[in-house]
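Beneath this line is the structure, given in C-alpha coordinates, with notes to follow.
Just so you know, these numbers use all the heavy atoms, side chains as well, and skip hydrogens, waters and symmetry mates.
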Amino acid sequence: MRWIRGIIILGVAGVVLGAVAGAAEPLFERRALYCPAHFGNSYEVMGEREIRELLAEAKHWGFNRYGDWFDTVDCADPFVDPFYNKGRALWDRKKRNFQSAQEAGLECELIITPNHVFLDQCRPDLLAKKEQRIFGQLICPSIPEARAIILKNYENLFRDLADSGVRIVALCPCPYDFGGCACEKCAPWILTFAQLTKEIGVIAEQYHPGIEMHFVGWWWAPEEHALFAEWADREAPGWVKSIALHIPHGETGVSDVPLPQDCERQAFVHNGYADQAQPQDIYGHLGPVMAAERLPATLAALKAHGVTGFMAYSEGIYEDVNKAILGGIASGQYADAGEVLAAYAKRYLGADEENAAAWAGWFKQWGRPFEVDAAKALEELAALREAAGASGWRVRQWELKAEMLRLHALIMTETAWTPERLALVDQFWATRERIDRGVYGLGAVSHIFNYRFSRLPWHDSWAKHLAETAHKAEDAM
(Lines give C-alpha, C1' and ligand atoms only; values in the text may rest on other atoms or scores of the structure.)
Protein backbone atom coordinates (compact mmCIF):
# COMPACT_ATOMS: atom_id res chain seq x y z
CA MET A 1 0.00 0.00 0.00
CA ARG A 2 1.19 3.54 -0.62
CA TRP A 3 0.73 5.01 2.89
CA ILE A 4 1.48 3.49 4.63
CA ARG A 5 17.69 6.52 32.48
CA GLY A 6 21.25 4.90 32.24
CA ILE A 7 23.00 1.73 33.37
CA ILE A 8 20.60 1.10 36.24
CA ILE A 9 17.58 1.21 34.02
CA LEU A 10 19.20 -1.01 31.42
CA GLY A 11 20.09 -3.47 34.17
CA VAL A 12 16.50 -3.50 35.34
CA ALA A 13 15.41 -4.03 31.76
CA GLY A 14 17.46 -7.20 31.54
CA VAL A 15 15.93 -8.57 34.74
CA VAL A 16 12.33 -7.57 34.20
CA LEU A 17 12.04 -8.24 30.51
CA GLY A 18 14.17 -11.36 30.58
CA ALA A 19 11.88 -12.80 33.22
CA VAL A 20 8.95 -12.71 30.85
CA ALA A 21 10.54 -14.27 27.80
CA GLY A 22 7.82 -16.34 26.20
CA ALA A 23 5.43 -15.52 29.02
CA ALA A 24 1.73 -15.80 28.35
CA GLU A 25 0.88 -13.03 30.81
CA PRO A 26 1.32 -9.43 29.64
CA LEU A 27 3.57 -6.99 31.46
CA PHE A 28 0.79 -4.40 31.52
CA GLU A 29 -2.97 -4.80 31.54
CA ARG A 30 -3.84 -1.60 29.70
CA ARG A 31 -1.92 -1.19 26.47
CA ALA A 32 -3.60 1.71 24.73
CA LEU A 33 -2.57 3.11 21.37
CA TYR A 34 -3.44 6.79 21.17
CA CYS A 35 -3.62 7.94 17.55
CA PRO A 36 -4.77 11.57 17.35
CA ALA A 37 -5.83 12.14 13.76
CA HIS A 38 -5.09 15.82 13.19
CA PHE A 39 -2.74 18.39 11.61
CA GLY A 40 -2.85 16.44 8.34
CA ASN A 41 -0.94 13.47 9.78
CA SER A 42 -1.24 9.98 8.35
CA TYR A 43 -4.09 9.01 10.68
CA GLU A 44 -6.12 11.95 9.43
CA VAL A 45 -5.63 11.14 5.74
CA MET A 46 -5.87 7.33 5.82
CA GLY A 47 -8.79 5.62 4.19
CA GLU A 48 -11.15 3.23 5.91
CA ARG A 49 -9.38 0.09 4.73
CA GLU A 50 -5.98 1.49 5.62
CA ILE A 51 -7.04 2.20 9.20
CA ARG A 52 -8.53 -1.28 9.46
CA GLU A 53 -5.18 -2.77 8.47
CA LEU A 54 -3.31 -0.54 10.92
CA LEU A 55 -5.63 -1.50 13.78
CA ALA A 56 -5.40 -5.19 12.95
CA GLU A 57 -1.61 -4.93 13.06
CA ALA A 58 -1.73 -2.99 16.34
CA LYS A 59 -3.83 -5.80 17.80
CA HIS A 60 -1.36 -8.36 16.43
CA TRP A 61 1.57 -6.66 18.18
CA GLY A 62 -0.27 -6.57 21.51
CA PHE A 63 -2.26 -3.39 21.91
CA ASN A 64 -5.72 -3.84 23.40
CA ARG A 65 -7.14 -0.32 23.30
CA TYR A 66 -7.42 2.45 20.72
CA GLY A 67 -7.89 6.15 21.43
CA ASP A 68 -8.42 9.36 19.49
CA TRP A 69 -9.01 13.04 20.22
CA PHE A 70 -11.25 15.41 18.31
CA ASP A 71 -8.85 18.28 17.64
CA THR A 72 -11.25 21.04 16.64
CA VAL A 73 -8.65 23.43 15.16
CA ASP A 74 -10.13 25.24 12.16
CA CYS A 75 -13.40 23.30 12.52
CA ALA A 76 -16.91 24.70 12.88
CA ASP A 77 -19.32 22.87 15.17
CA PRO A 78 -20.45 19.91 13.02
CA PHE A 79 -23.67 19.63 15.01
CA VAL A 80 -24.68 23.15 13.94
CA ASP A 81 -22.95 23.71 10.60
CA PRO A 82 -25.53 22.80 7.90
CA PHE A 83 -22.82 21.93 5.36
CA TYR A 84 -20.60 18.88 5.19
CA ASN A 85 -17.45 20.82 6.05
CA LYS A 86 -14.15 19.85 7.70
CA GLY A 87 -15.58 19.38 11.20
CA ARG A 88 -18.25 16.92 10.12
CA ALA A 89 -15.96 15.06 7.73
CA LEU A 90 -13.28 14.60 10.39
CA TRP A 91 -15.78 13.58 13.06
CA ASP A 92 -17.44 11.03 10.80
CA ARG A 93 -14.03 9.56 9.99
CA LYS A 94 -13.17 9.29 13.70
CA LYS A 95 -16.46 7.51 14.39
CA ARG A 96 -15.69 5.03 11.64
CA ASN A 97 -12.19 4.50 13.03
CA PHE A 98 -13.68 3.74 16.44
CA GLN A 99 -16.06 1.29 14.81
CA SER A 100 -13.13 -0.38 13.03
CA ALA A 101 -11.23 -0.60 16.32
CA GLN A 102 -14.16 -2.38 17.94
CA GLU A 103 -14.39 -4.75 14.98
CA ALA A 104 -10.67 -5.51 15.45
CA GLY A 105 -11.26 -6.38 19.11
CA LEU A 106 -9.85 -3.18 20.58
CA GLU A 107 -11.63 -1.25 23.33
CA CYS A 108 -12.17 2.44 22.62
CA GLU A 109 -11.00 5.47 24.58
CA LEU A 110 -11.82 9.12 23.93
CA ILE A 111 -9.20 11.71 24.85
CA ILE A 112 -10.53 15.17 25.68
CA THR A 113 -9.06 18.61 26.41
CA PRO A 114 -12.24 20.09 27.86
CA ASN A 115 -12.24 23.79 27.00
CA HIS A 116 -10.83 23.34 23.48
CA VAL A 117 -13.82 24.19 21.33
CA PHE A 118 -14.94 24.78 17.77
CA LEU A 119 -13.79 27.83 15.84
CA ASP A 120 -17.25 29.38 15.60
CA GLN A 121 -17.58 29.19 19.42
CA CYS A 122 -14.49 31.34 20.06
CA ARG A 123 -16.33 34.59 20.66
CA PRO A 124 -14.22 37.46 22.05
CA ASP A 125 -16.33 37.69 25.21
CA LEU A 126 -15.84 33.97 25.95
CA LEU A 127 -12.14 33.50 25.26
CA ALA A 128 -9.78 31.93 27.80
CA LYS A 129 -6.73 33.83 29.01
CA LYS A 130 -3.58 32.32 27.51
CA GLU A 131 0.01 32.08 28.75
CA GLN A 132 2.90 29.58 28.66
CA ARG A 133 1.32 26.13 28.42
CA ILE A 134 -2.11 27.53 27.54
CA PHE A 135 -2.88 27.99 23.85
CA GLY A 136 -5.39 26.95 21.20
CA GLN A 137 -9.08 27.51 20.46
CA LEU A 138 -10.06 27.94 24.11
CA ILE A 139 -12.95 29.49 25.98
CA CYS A 140 -13.16 30.20 29.71
CA PRO A 141 -15.22 27.63 31.67
CA SER A 142 -15.69 30.14 34.52
CA ILE A 143 -18.02 32.09 32.21
CA PRO A 144 -21.44 30.38 32.51
CA GLU A 145 -22.29 30.64 28.81
CA ALA A 146 -18.90 29.22 27.81
CA ARG A 147 -19.28 26.36 30.28
CA ALA A 148 -22.68 25.52 28.84
CA ILE A 149 -21.16 25.42 25.33
CA ILE A 150 -18.41 23.05 26.51
CA LEU A 151 -20.88 20.68 28.17
CA LYS A 152 -23.18 20.72 25.15
CA ASN A 153 -20.27 19.89 22.84
CA TYR A 154 -19.47 16.76 24.80
CA GLU A 155 -23.07 15.69 25.07
CA ASN A 156 -23.27 15.88 21.28
CA LEU A 157 -20.12 13.79 20.87
CA PHE A 158 -21.09 11.16 23.45
CA ARG A 159 -24.58 10.80 22.02
CA ASP A 160 -23.41 10.55 18.44
CA LEU A 161 -20.83 7.91 19.29
CA ALA A 162 -23.43 5.86 21.14
CA ASP A 163 -25.93 6.22 18.29
CA SER A 164 -23.20 4.96 15.93
CA GLY A 165 -22.71 1.83 17.98
CA VAL A 166 -19.40 2.94 19.46
CA ARG A 167 -18.87 1.99 23.10
CA ILE A 168 -16.37 4.26 24.83
CA VAL A 169 -14.91 2.40 27.81
CA ALA A 170 -12.63 5.21 29.01
CA LEU A 171 -12.67 8.98 29.01
CA CYS A 172 -9.14 10.37 29.10
CA PRO A 173 -9.06 14.05 30.06
CA CYS A 174 -5.92 16.16 29.65
CA PRO A 175 -5.67 19.75 30.93
CA TYR A 176 -3.15 21.04 28.36
CA ASP A 177 -2.17 21.01 24.70
CA PHE A 178 -4.72 22.29 23.87
CA GLY A 179 -6.46 23.47 27.05
CA GLY A 180 -6.41 25.75 30.04
CA CYS A 181 -7.32 29.23 31.18
CA ALA A 182 -5.09 31.60 33.16
CA CYS A 183 -7.78 33.97 34.38
CA GLU A 184 -8.23 34.60 38.13
CA LYS A 185 -11.54 32.75 38.32
CA CYS A 186 -10.01 29.61 36.79
CA ALA A 187 -6.95 29.59 39.07
CA PRO A 188 -5.63 27.13 39.85
CA TRP A 189 -6.45 25.70 36.45
CA ILE A 190 -5.99 22.07 37.50
CA LEU A 191 -8.93 22.33 39.92
CA THR A 192 -11.16 24.12 37.42
CA PHE A 193 -10.23 21.39 34.95
CA ALA A 194 -11.03 18.70 37.53
CA GLN A 195 -14.49 20.04 38.32
CA LEU A 196 -15.31 20.62 34.65
CA THR A 197 -14.20 17.11 33.81
CA LYS A 198 -16.38 15.71 36.58
CA GLU A 199 -19.40 17.41 35.02
CA ILE A 200 -18.44 16.05 31.60
CA GLY A 201 -18.02 12.59 33.11
CA VAL A 202 -21.62 12.64 34.38
CA ILE A 203 -22.81 13.27 30.84
CA ALA A 204 -20.56 10.56 29.44
CA GLU A 205 -22.00 8.01 31.89
CA GLN A 206 -25.49 8.67 30.52
CA TYR A 207 -24.47 7.52 27.05
CA HIS A 208 -21.64 5.10 27.88
CA PRO A 209 -22.58 3.40 31.19
CA GLY A 210 -19.64 2.18 33.22
CA ILE A 211 -17.17 4.49 31.49
CA GLU A 212 -13.90 4.84 33.43
CA MET A 213 -11.85 7.99 33.99
CA HIS A 214 -8.22 7.59 32.93
CA PHE A 215 -6.48 10.96 33.13
CA VAL A 216 -3.53 12.03 30.98
CA GLY A 217 -0.63 13.60 32.90
CA TRP A 218 0.97 15.37 29.91
CA TRP A 219 2.61 18.62 31.09
CA TRP A 220 1.25 18.48 34.68
CA ALA A 221 3.49 20.19 37.26
CA PRO A 222 4.19 18.32 40.57
CA GLU A 223 2.12 20.83 42.54
CA GLU A 224 -0.81 20.23 40.21
CA HIS A 225 -0.68 16.52 40.95
CA ALA A 226 -0.85 17.32 44.69
CA LEU A 227 -3.82 19.66 44.27
CA PHE A 228 -5.63 17.20 42.02
CA ALA A 229 -5.09 14.27 44.40
CA GLU A 230 -6.46 16.29 47.33
CA TRP A 231 -9.47 17.38 45.27
CA ALA A 232 -10.24 13.86 44.04
CA ASP A 233 -10.07 12.30 47.51
CA ARG A 234 -12.36 15.00 48.83
CA GLU A 235 -14.79 15.55 45.95
CA ALA A 236 -14.69 12.33 43.92
CA PRO A 237 -13.28 9.42 45.92
CA GLY A 238 -12.63 6.35 43.80
CA TRP A 239 -13.57 8.15 40.58
CA VAL A 240 -10.09 8.52 39.07
CA LYS A 241 -9.14 5.09 37.72
CA SER A 242 -5.62 6.06 36.63
CA ILE A 243 -3.30 8.88 35.59
CA ALA A 244 -0.93 8.30 32.68
CA LEU A 245 2.10 10.16 34.00
CA HIS A 246 4.28 12.29 31.76
CA ILE A 247 7.74 11.01 30.74
CA PRO A 248 9.96 13.89 29.56
CA HIS A 249 11.94 13.43 26.37
CA GLY A 250 15.12 11.47 26.98
CA GLU A 251 13.86 9.84 30.18
CA THR A 252 12.41 6.38 30.74
CA GLY A 253 10.55 6.56 34.05
CA VAL A 254 7.74 8.45 35.71
CA SER A 255 8.06 10.74 38.72
CA ASP A 256 6.85 9.98 42.24
CA VAL A 257 3.92 12.37 42.42
CA PRO A 258 0.85 12.22 44.69
CA LEU A 259 -2.05 10.25 43.30
CA PRO A 260 -5.67 10.03 44.42
CA GLN A 261 -6.51 7.07 46.66
CA ASP A 262 -6.95 3.83 44.68
CA CYS A 263 -5.75 5.57 41.50
CA GLU A 264 -3.48 3.38 39.36
CA ARG A 265 -0.06 4.72 38.39
CA GLN A 266 0.16 4.54 34.62
CA ALA A 267 2.32 6.20 31.97
CA PHE A 268 2.08 8.33 28.85
CA VAL A 269 4.72 6.84 26.56
CA HIS A 270 5.93 8.90 23.58
CA ASN A 271 6.23 6.43 20.74
CA GLY A 272 7.20 8.93 18.05
CA TYR A 273 10.90 9.62 18.51
CA ALA A 274 14.17 7.70 18.42
CA ASP A 275 16.41 6.38 21.21
CA GLN A 276 18.38 9.60 20.98
CA ALA A 277 16.41 12.57 22.32
CA GLN A 278 18.97 15.09 21.07
CA PRO A 279 19.57 15.79 18.25
CA GLN A 280 15.91 15.18 17.58
CA ASP A 281 14.50 12.58 15.23
CA ILE A 282 10.83 13.05 15.96
CA TYR A 283 7.39 13.38 14.40
CA GLY A 284 8.51 11.90 11.08
CA HIS A 285 10.58 14.87 9.92
CA LEU A 286 13.22 12.34 8.90
CA GLY A 287 10.86 9.51 8.12
CA PRO A 288 10.61 6.39 10.29
CA VAL A 289 11.94 6.35 13.86
CA MET A 290 13.56 3.61 15.92
CA ALA A 291 13.68 3.28 19.74
CA ALA A 292 14.88 -0.28 20.29
CA GLU A 293 16.74 0.77 23.47
CA ARG A 294 14.50 3.51 24.88
CA LEU A 295 11.18 1.70 24.71
CA PRO A 296 12.29 -1.58 26.38
CA ALA A 297 14.12 0.44 29.05
CA THR A 298 10.96 2.50 29.56
CA LEU A 299 8.80 -0.58 29.99
CA ALA A 300 11.27 -2.06 32.48
CA ALA A 301 11.42 1.18 34.48
CA LEU A 302 7.63 1.44 34.53
CA LYS A 303 7.18 -2.15 35.64
CA ALA A 304 9.74 -1.67 38.45
CA HIS A 305 7.84 1.45 39.55
CA GLY A 306 4.49 -0.32 39.88
CA VAL A 307 2.94 1.10 36.74
CA THR A 308 -0.07 -0.96 35.63
CA GLY A 309 -0.66 0.31 32.13
CA PHE A 310 0.16 2.95 29.56
CA MET A 311 -1.08 5.09 26.74
CA ALA A 312 1.26 5.07 23.75
CA TYR A 313 1.28 8.47 22.06
CA SER A 314 1.52 7.97 18.31
CA GLU A 315 1.43 10.71 15.69
CA GLY A 316 1.60 8.63 12.54
CA ILE A 317 2.62 5.48 10.76
CA TYR A 318 6.26 6.66 10.59
CA GLU A 319 6.72 4.93 14.00
CA ASP A 320 5.40 1.60 12.77
CA VAL A 321 8.45 -0.30 14.07
CA ASN A 322 8.15 1.35 17.49
CA LYS A 323 4.55 0.18 17.69
CA ALA A 324 5.73 -3.39 17.21
CA ILE A 325 8.47 -3.04 19.85
CA LEU A 326 6.25 -1.42 22.46
CA GLY A 327 3.23 -3.64 21.91
CA GLY A 328 5.22 -6.83 21.44
CA ILE A 329 7.18 -6.53 24.68
CA ALA A 330 4.40 -5.01 26.80
CA SER A 331 2.02 -7.81 25.83
CA GLY A 332 4.55 -10.48 26.86
CA GLN A 333 4.86 -11.93 23.36
CA TYR A 334 8.57 -11.06 23.05
CA ALA A 335 11.43 -10.73 25.53
CA ASP A 336 13.34 -7.93 23.85
CA ALA A 337 13.52 -5.61 20.87
CA GLY A 338 15.75 -7.99 18.93
CA GLU A 339 13.05 -10.65 18.98
CA VAL A 340 10.43 -8.14 17.92
CA LEU A 341 12.50 -6.76 15.07
CA ALA A 342 13.27 -10.23 13.76
CA ALA A 343 9.57 -11.08 13.85
CA TYR A 344 8.80 -7.75 12.15
CA ALA A 345 11.24 -8.55 9.33
CA LYS A 346 9.68 -11.97 8.83
CA ARG A 347 6.11 -10.65 8.85
CA TYR A 348 6.56 -7.73 6.49
CA LEU A 349 9.89 -7.97 4.67
CA GLY A 350 10.16 -11.58 3.59
CA ALA A 351 13.03 -12.38 5.95
CA ASP A 352 13.75 -15.95 7.02
CA GLU A 353 15.51 -17.34 10.09
CA GLU A 354 18.84 -16.81 8.39
CA ASN A 355 18.61 -13.07 7.77
CA ALA A 356 15.99 -11.86 10.26
CA ALA A 357 18.74 -11.14 12.82
CA ALA A 358 20.62 -9.07 10.24
CA TRP A 359 17.50 -7.00 9.63
CA ALA A 360 17.14 -6.49 13.40
CA GLY A 361 20.74 -5.30 13.66
CA TRP A 362 20.30 -2.92 10.73
CA PHE A 363 17.18 -1.42 12.28
CA LYS A 364 18.73 -0.91 15.73
CA GLN A 365 21.43 1.51 14.52
CA TRP A 366 18.75 4.07 13.68
CA GLY A 367 18.08 4.71 17.36
CA ARG A 368 20.93 7.23 16.96
CA PRO A 369 20.39 8.31 13.38
CA PHE A 370 22.94 11.12 13.32
CA GLU A 371 25.69 8.63 14.14
CA VAL A 372 24.85 6.29 11.25
CA ASP A 373 27.01 6.14 8.12
CA ALA A 374 23.99 6.60 5.89
CA ALA A 375 25.75 5.78 2.62
CA LYS A 376 26.94 2.46 4.05
CA ALA A 377 23.51 1.81 5.53
CA LEU A 378 21.96 2.24 2.09
CA GLU A 379 24.31 -0.39 0.65
CA GLU A 380 23.50 -2.79 3.49
CA LEU A 381 19.79 -2.23 3.04
CA ALA A 382 20.04 -2.97 -0.67
CA ALA A 383 21.70 -6.31 0.10
CA LEU A 384 19.14 -7.21 2.77
CA ARG A 385 16.31 -6.24 0.51
CA GLU A 386 17.60 -8.32 -2.38
CA ALA A 387 18.17 -11.38 -0.20
CA ALA A 388 14.65 -11.21 1.26
CA GLY A 389 12.83 -9.91 -1.78
CA ALA A 390 11.53 -7.12 0.43
CA SER A 391 9.17 -4.57 -1.04
CA GLY A 392 6.42 -2.19 0.02
CA TRP A 393 6.15 0.97 2.03
CA ARG A 394 7.75 -0.40 5.17
CA VAL A 395 11.14 -0.85 3.50
CA ARG A 396 10.78 2.14 1.16
CA GLN A 397 10.47 4.55 4.12
CA TRP A 398 13.84 3.38 5.49
CA GLU A 399 15.46 3.73 2.10
CA LEU A 400 14.33 7.33 1.89
CA LYS A 401 15.33 8.05 5.50
CA ALA A 402 18.86 6.83 4.83
CA GLU A 403 19.00 9.02 1.74
CA MET A 404 17.86 12.09 3.72
CA LEU A 405 20.55 11.42 6.33
CA ARG A 406 23.16 10.95 3.60
CA LEU A 407 22.24 14.32 2.12
CA HIS A 408 22.14 15.91 5.58
CA ALA A 409 25.72 14.76 6.24
CA LEU A 410 26.88 16.33 2.99
CA ILE A 411 25.05 19.59 3.75
CA MET A 412 26.80 19.72 7.12
CA THR A 413 30.28 19.56 5.54
CA GLU A 414 29.91 23.17 4.37
CA THR A 415 28.94 26.44 6.05
CA ALA A 416 28.57 28.89 3.17
CA TRP A 417 25.46 28.76 1.03
CA THR A 418 27.11 27.87 -2.23
CA PRO A 419 25.09 26.73 -5.26
CA GLU A 420 26.30 23.17 -4.58
CA ARG A 421 25.10 23.24 -0.96
CA LEU A 422 21.77 24.72 -1.99
CA ALA A 423 21.37 21.94 -4.52
CA LEU A 424 21.92 19.35 -1.77
CA VAL A 425 19.19 20.97 0.32
CA ASP A 426 16.86 20.87 -2.67
CA GLN A 427 17.60 17.13 -3.04
CA PHE A 428 16.92 16.69 0.68
CA TRP A 429 13.50 18.31 0.45
CA ALA A 430 12.70 16.37 -2.72
CA THR A 431 13.46 13.15 -0.83
CA ARG A 432 11.25 14.20 2.05
CA GLU A 433 8.51 14.99 -0.42
CA ARG A 434 8.80 11.48 -1.83
CA ILE A 435 8.36 9.94 1.62
CA ASP A 436 5.55 12.28 2.64
CA ARG A 437 3.59 11.97 -0.57
CA GLY A 438 4.65 8.63 -2.02
CA VAL A 439 4.85 6.60 1.20
CA TYR A 440 2.68 8.28 3.83
CA GLY A 441 0.23 9.94 1.43
CA LEU A 442 0.32 13.25 3.29
CA GLY A 443 -1.01 16.53 1.93
CA ALA A 444 -1.01 19.84 3.71
CA VAL A 445 0.48 19.30 7.16
CA SER A 446 0.40 21.87 9.94
CA HIS A 447 1.72 22.55 13.42
CA ILE A 448 4.53 20.17 14.52
CA PHE A 449 4.59 18.29 11.20
CA ASN A 450 5.23 21.24 8.91
CA TYR A 451 8.63 21.67 7.27
CA ARG A 452 9.27 24.94 9.11
CA PHE A 453 9.50 22.98 12.37
CA SER A 454 12.47 20.93 11.16
CA ARG A 455 15.04 20.40 13.93
CA LEU A 456 18.01 20.16 11.55
CA PRO A 457 20.90 22.53 12.43
CA TRP A 458 21.19 24.05 8.95
CA HIS A 459 17.49 24.74 8.51
CA ASP A 460 17.22 28.24 10.00
CA SER A 461 20.37 29.45 8.25
CA TRP A 462 19.07 28.10 4.95
CA ALA A 463 15.67 29.75 5.41
CA LYS A 464 17.35 33.05 6.30
CA HIS A 465 19.55 32.84 3.21
CA LEU A 466 16.55 32.27 0.95
CA ALA A 467 14.70 35.23 2.49
CA GLU A 468 17.72 37.53 2.09
CA THR A 469 18.18 36.42 -1.51
CA ALA A 470 14.55 37.13 -2.28
CA HIS A 471 14.76 40.62 -0.73
CA LYS A 472 17.85 41.43 -2.78
CA ALA A 473 16.07 40.32 -5.93
CA GLU A 474 13.11 42.57 -5.11
CA ASP A 475 15.39 45.55 -4.42
CA ALA A 476 17.10 45.06 -7.77
CA MET A 477 13.84 45.23 -9.69
Side-chain angles (χ1 to χ4, degrees), residues 28-36 64-70 94 98 101-102 106-116 141 147 150-162 166-180 188-221 224-246 254 257-269 306-313:
F28 301 92
E29 180 183 352
R30 178 188 178 216
R31 304 180 300 281
L33 182 61
Y34 168 42
C35 302
N64 57 9
R65 291 190 174 198
Y66 165 81
D68 196 1
W69 165 53
F70 192 5
K94 289 179 187 292
F98 278 127
Q102 287 185 164
L106 301 170
E107 293 184 307
C108 296
E109 303 185 342
L110 180 66
I111 290 76
I112 65 170
T113 51
N115 66 320
H116 176 54
R147 198 179 197 92
I150 292 167
L151 297 178
K152 183 62 176 178
N153 284 345
Y154 286 106
E155 181 170 16
N156 287 336
L157 297 184
F158 299 145
R159 180 195 296 114
D160 201 32
L161 285 167
V166 175
R167 169 79 170 93
I168 301 297
V169 302
L171 192 63
C172 307
C174 187
Y176 300 109
D177 190 18
F178 304 120
W189 167 247
I190 198 68
L191 296 187
T192 297
F193 158 80
Q195 183 58 48
L196 177 60
T197 300
K198 186 179 179 183
E199 294 171 29
I200 294 171
V202 171
I203 300 171
E205 177 69 28
Q206 295 173 13
Y207 296 96
H208 302 271
I211 193 169
E212 295 181 342
M213 304 300 295
H214 291 265
F215 284 75
V216 182
W218 180 260
W219 285 5
W220 292 34
E224 290 179 310
H225 278 286
L227 286 170
F228 182 81
E230 292 171 3
W231 173 88
D233 288 342
R234 183 181 65 250
E235 303 291 336
W239 180 64
V240 181
K241 175 68 174 177
S242 76
I243 300 180
L245 302 175
H246 180 51
V254 295
V257 293
L259 297 176
Q261 188 174 355
D262 299 324
C263 170
E264 294 181 24
R265 186 181 304 276
Q266 299 202 354
F268 191 74
V269 180
V307 168
T308 61
F310 62 82
M311 175 184 287
Y313 168 43

Do the rings of Trp69 and Phe178 sit parallel, tilted or perpendicular, given the 30° and 60° boundaries?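 Tilted: the ring planes of Trp69 and Phe178 meet at 30° to 60°.
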Geometric class of the Phe193/Phe215 ring pair [parallel <30°, tilted 30-60°, perpendicular >60°]: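 Ring orientation of Phe215 relative to Phe193: perpendicular.
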Are the side chain of Glu224 and the backbone of Ala221 linked by a donor-acceptor contact shorter than 3.5 Å?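 Yes; judged by distance alone, with no hydrogens or angles, the pair exists.
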For Asp233 and Gln261, indicate whether the former's side chain and the latter's backbone hold a donor-acceptor pair under 3.5 Å.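 Between the backbone of Gln261 and the side chain of Asp233 there is a qualifying donor-acceptor contact (under 3.5 Å).
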Within a strict 4.5 Å, meaning less than it, do heavy atoms of the [X] and [Y] side chains meet?
X	Y	result
Leu191	Gln195	no
His208	Phe158	yes
Phe70	Lys94	yes
Ile211	Val169	no
Phe28	Thr308	no
Phe310	Arg31	yes
Thr192	Pro141	yes

Quick one: closest heavy-atom pair of [X] and [Y], and the distance?
X	Y	answer
Leu196	Pro114	CD2-CB, 3.6 Å
Arg167	Cys108	O-CB, 3.7 Å
Val254	Ala267	CG1-CB, 3.9 Å
Arg65	Leu106	N-CD2, 3.9 Å

With sequence neighbours left out, which residue pairs that include part of residues 197-212 fulfil the salt bridge (Lys or Arg N to Asp or Glu O under 4.0 Å) condition?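 Only Arg147-Glu199 qualify under salt bridge (Lys or Arg N to Asp or Glu O under 4.0 Å).
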Matching residue for Ile112 among Asn153, Ile200, Val216 - test: side-chain contact (heavy atoms from CB on, under 4.5 Å):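 Going through Asn153, Ile200, Val216 one by one, the side-chain contact (heavy atoms from CB on, under 4.5 Å) with Ile112 is satisfied by Ile200 alone.
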What's the verdict on side chain to side chain contact (heavy atoms under 4.5 Å, CB included) for Arg30 and Met311, showing C-alpha distance, side-chain angles and the deciding distance? CA-CA 8 Å; Arg30 178 188 178 216; Met311 175 184 287; 3.3 Å; yes
Working to the nearest 0.5 Å, report the span between OH of Tyr34 and CG of Leu110.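 Result: 9.5 Å between the selected atoms.
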Between Tyr207 and Glu155, does any side-chain donor sit less than 3.5 Å from a side-chain acceptor?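 Yes, because at least one side-chain N or O of Tyr207 sits under 3.5 Å from a partner of the opposite role on Glu155.
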Is a donor from one side chain sitting under 3.5 angstrom from an acceptor on the other, for Trp219 and Asp177?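 No donor-acceptor contact under 3.5 Å links the two side chains.
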Taking atom CD as the centre, does Glu29 end up with more than 12 heavy-atom neighbours from other residues, nucleotides or ligands that are less than 6.0 angstrom away?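 12 or below, so no.
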Set of ring pair (Phe, Tyr, Trp, His ring centres under 6.0 Å) partners for His225, sequence neighbours left out: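 For His225, the residues satisfying ring pair (Phe, Tyr, Trp, His ring centres under 6.0 Å) (neighbours in sequence not counted) are Trp220.
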Quick check: Tyr313 with Phe268 (ring centres under 6.0 Å apart)?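 Yes, close enough.
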Distance-only criterion, 3.5 Å: show the donor-acceptor pairs between side-chain atoms of residues 238-246 and protein atoms not counting sequence neighbours.
unit_1	atom_1	unit_2	atom_2	d
Lys241	NZ	Glu264	OE2	3.2
Ser242	OG	His214	ND1	2.6

